[in-house]
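Read the numbers this way: they start at 1 and go in the same order the structure lists the ligands and their atoms. Since this is a predicted model, take the numbers as computed values, not measurements.
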Amino acid sequence: MTSHILVLGAGMVGSCTALHLALRGHAVTLVDRREPGRETSYGNAGIIQREAVEPYAFPRQVGKLLRVALKQGADVNYHLAALPRLAAPLTRYWAASQPQRHARIARDHAALIAHATTEHQQLITLADAGALVRRQGYRWVFRSPAALDAASAQARRLAEAHGLRIELLDAAGMARAEPALRRPVAGGVHWLDPWTVADPGELVARYAQALVQHGGRLLRGDATSLAAAGSGWKVRTDEGEVQAGQAVIALGPWSDALLQRLGYRYPLFVKRGYHRHYRSATPPQVSLYDLEAGLVMGPMRQGVRVTTGAEFAALEAAPTPVQMQRAEALARELVDLGPPAEPEPWMGARPCTADMLPLIGAAPRHRGLWLNLGHAHQGFTLGPVSGRLLAELVDGRTPVVDPAPYAPTRFG
Ligand SMILES: Cc1cc2nc3c(=O)[nH]c(=O)nc-3n(C[C@H](O)[C@H](O)[C@H](O)COP(=O)(O)OP(=O)(O)OC[C@H]3O[C@@H](n4cnc5c(N)ncnc54)[C@H](O)[C@@H]3O)c2cc1C
């Protein structure tokens, strides 16, 4: 039976959820305080990561931990003041990263990732957004032979286990493939299955436009005004109060505040990240992930976008773009970046759960309330399949993947 459903949050996850619900005949109102795709889903590295079968584990090697503790890389930073609040979810993240548990979690992560590009393709076709997408994969690039050897072995293992296509490149191969490199590197791994998007926020906006074309409504409103109304839910929007039988929370990093108000205590936290664009005259052909430096740089509509790793800090704390400064300097060693395109770096926050899997399913203690959040490093990749899964759960249909690993009941 179809019904009126509110979807709160028009990032990649909420927009895909709203579109999938509308495609199944529901009357959908998508509510955001901004235009669609202007927050985390705008500022990411824009890679539809078909290869990201294993989620990022908490580092367990002493050397790496020490480097993190001493804030030496561009990959990780933290605010001391945030650590007391982060201690509980990070302890659980550490436990979930224990190799055997991580292997089980990776199996469940891979089950979603397997649908990343096929599910995006359906929405790209509906939204007529093909011109934004490049299907040439992206490259890991390595400065040291030791890092190249370790990563090549890992890539071969993952490619074999998951049917992924890779091309291993030595120093000469990398120089030929990527003329933008201004110095020799040890080599690289070209992942051939991922796609890259020239303007990630625009892709979300197109999906939200497709929702409107399929009968949905897109309204500005404040999700924190969500309240029970009769047997359903209501929220305040610029067009007045909107009531619906059901509601979906897809507020990315802002979900936790609303969930806490509703009485839920999930082990959620954010990993903040930064980006900046540069007006390079010689941009890389495809996105490059420099794993040793902890940065990604990719050709985008706005210039070469350099993105940083994780910053453990409170969502609303003032930006501290030290990683961006380091990432810029390290990226300049590899590519002639040119001048920055905007005065300040952008900052966003990856919405993370302690067990590295998103929360997709019914809210345990509220009828007609659903959650679709916590997609961490891969929310841009997983929006379409997560939206489809949530819509199938709402309809009681056979879901695209077994929903049990992502059930919001799993944290008790
Ligand atoms: C530097 C960086 C690089 C990344 N690179 C990649 C990548 O290459 N590939 C990938 O798959 N993922 C990547 N990610 C992760 C990805 O961007 C996120 O997982 C994803 O964007 C989360 O989407 P979302 O829809 O859950 O959240 P968001 O995009 O943040 O959407 C949440 C929405 O909720 C709205 N909202 C918040 N509060 C309210 C309120 N009170 N009322 C109304 N609306 C509200 C916001 O305006 C926003 O539109 C990266 C992230 C970062 C930070």
Legend entry - Heteroatom distance test (Asp32, ligand 1): nitrogen or oxygen, under 3.5 angstrom: yes

Legend entry - Exceeds 12 heavy-atom contacts within 6.0 angstrom, atom CZ of Arg397: no

Inset, instruction - Determine whether the aromatic ring centres of His102 and Phe58 lie less than 6.0 Å apart. - result: no

Inset, instruction - Step through it carefully: locate the ring centre of Phe411, locate the ring centre of Tyr264, and say whether they are under 6.0 Å apart. - result: no

Inset, instruction - Write out the residue and atom name of the closest protein heavy atom to atom 28 (P) of ligand 1, then the distance separating them to 0.1 Å. - result: Thr40 OG1, 3.5 Å

Inset, instruction - May I ask you to check whether Trp346 has an N/O atom sitting below 3.5 Å from an N/O atom of ligand 1? - result: no

Inset, instruction - Give the residue and atom name of whichever protein heavy atom lies nearest to atom 31 (O) of ligand 1, and the separation in Å to one decimal. - result: Gly11 CA, 3.4 Å

Inset, instruction - Counting heavy atoms only, name the option from Ala376, Ser41, Ala10, Gly252 that's nearest to atom 18 (C) of ligand 1. - result: Ala376

Legend entry - Nitrogen or oxygen atoms of Gly37 and ligand 1 under 3.5 Å apart: no

Inset, instruction - Please write down residue, atom name and distance for the protein heavy atom closest to atom 13 (C) of ligand 1. - result: His377 O, 3.1 Å

Legend entry - Test: Arg135 and Asp193 ion pair at under 4.0 Å: no

Inset, instruction - Indicate the ring-plane relationship of Trp346 and Tyr42, choosing parallel, tilted or perpendicular according to the 30° and 60° boundaries. - result: perpendicular

Inset, instruction - Using a 4.0 Å heavy-atom cut-off, say whether Trp254 meets ligand 1 through its side chain, its backbone, both or neither. - result: side chain

Legend entry - Distance-only side-chain donor-acceptor flag, His277 / Arg305, under 3.5 Å: yes

Legend entry - Modelled atom types, side-chain donor and acceptor of Thr17 and Asn372, under 3.5 Å: yes

Inset, instruction - Flag Val31 as yes when one of its N or O atoms lies below 3.5 Å from any N or O atom of ligand 1, and as no otherwise. - result: no

Legend entry - atom 41 (N) of ligand 1 [closest protein heavy-atom partner, distance rounded to 0.1 Å]: Asp222 OD1, 3.2 Å

Legend entry - Proximal candidate to atom 9 (N) of ligand 1 [heavy atom criterion; set Ile47, Thr17, Val197]: Ile47

Legend entry - For atom 53 (C) of ligand 1, the option (of His375, Arg34, Arg33, Arg350) bearing the nearest heavy atom: Arg350

Inset, instruction - May I ask you to decide whether Arg24 forms a salt bridge with Glu392, counting only side-chain N to carboxylate O separations under 4.0 Å? - result: yes

Legend entry - Polar contact flag for Ala250 and ligand 1 (N/O pairs, less than 3.5 Å): no

Inset, instruction - Please say whether Gly9 places an N or O atom under 3.5 Å from an N or O atom belonging to ligand 1. - result: no

Legend entry - His375-Ser386 side chain donor-acceptor pair, cut-off 3.5 Å: yes

Legend entry - Within reach of ligand 1, part of Gln49 (heavy-atom separation under 4.0 Å): side chain

Inset, instruction - State, without any angle test, whether Asn44 and His377 hold a side-chain donor-acceptor pair at a distance under 3.5 Å. - result: no

Legend entry - Proximal ligand 1 atoms for Thr224, defined as those under 4.0 Å from one of its heavy atoms: 41 (N)

Inset, instruction - If you have a sec, work out which protein heavy atom is nearest atom 25 (O) of ligand 1 and how many Å separate them, to one decimal? - result: Val13 N, 3.0 Å

Legend entry - Residue Ala223 vicinity, atoms of ligand 1 by number, heavy atom under 4.0 Å: 40 (C), 41 (N), 42 (N), 43 (C)

Legend entry - N/O separation below 3.5 Å, Gly379 to ligand 1: yes

Legend entry - Element-labelled atoms of ligand 1 that are located less than 4.0 Å from some non-hydrogen atom of Thr381: 9 (N), 10 (C), 11 (O)

Legend entry - Ala349 N/O under 3.5 Å from ligand 1 N/O: no

Inset, instruction - Indicate whether the side chain of Tyr266 and that of Gln260 have a donor and an acceptor atom separated by less than 3.5 Å. - result: no

Inset, instruction - Would you please say whether a donor-acceptor pair under 3.5 Å links the side chains of Glu178 and Gln285? - result: no

Legend entry - ligand 1 N/O within reach of Thr307 N/O, cut-off under 3.5 Å: no

Inset, instruction - Decide whether the shortest distance between a heavy atom of Gly221 and an atom of ligand 1 is less than 4.0 Å. - result: yes

Legend entry - Check: Trp233/Gln243 side-chain N/O donor and acceptor closer than 3.5 Å: no

Legend entry - No-hydrogen, no-angle side-chain donor-acceptor test under 3.5 Å, Thr125 and Gln121: yes

Inset, instruction - Output the list of atoms in ligand 1 that are nearer than 4.0 Å to some heavy atom of Gly46, sorted by atom number. - result: 8 (O)

Legend entry - Polar atom proximity, Pro351 to ligand 1 (N or O, under 3.5 Å): no

Inset, instruction - Look at ligand 1 and say whether Gln378 reaches it with a heavy atom at a distance under 4.0 Å. - result: yes

Inset, instruction - Look at the rings of Tyr289 and Trp140 and say which category their plane angle falls in: under 30° parallel, 30 to 60° tilted, over 60° perpendicular. - result: perpendicular

Legend entry - Closest protein heavy atom (residue, atom, distance) for atom 5 (N) of ligand 1: Ala45 N, 3.0 Å

Inset, instruction - State, without any angle test, whether Tyr207 and His120 hold a side-chain donor-acceptor pair at a distance under 3.5 Å. - result: yes

Legend entry - Step-by-step salt bridge (Lys or Arg N to Asp or Glu O under 4.0 Å) determination, Asp199 to Arg301: CA-CA 6 Å; Asp199 186 342; Arg301 272 188 171 173; 3.7 Å; yes

Inset, instruction - Return the residue, atom name and 0.1 Å-rounded distance of the protein heavy atom closest to atom 36 (N) of ligand 1. - result: Leu251 CD2, 3.6 Å

Legend entry - Shortest protein contact, atom 50 (C) of ligand 1 (heavy atom only): Asn44 CB, 3.2 Å

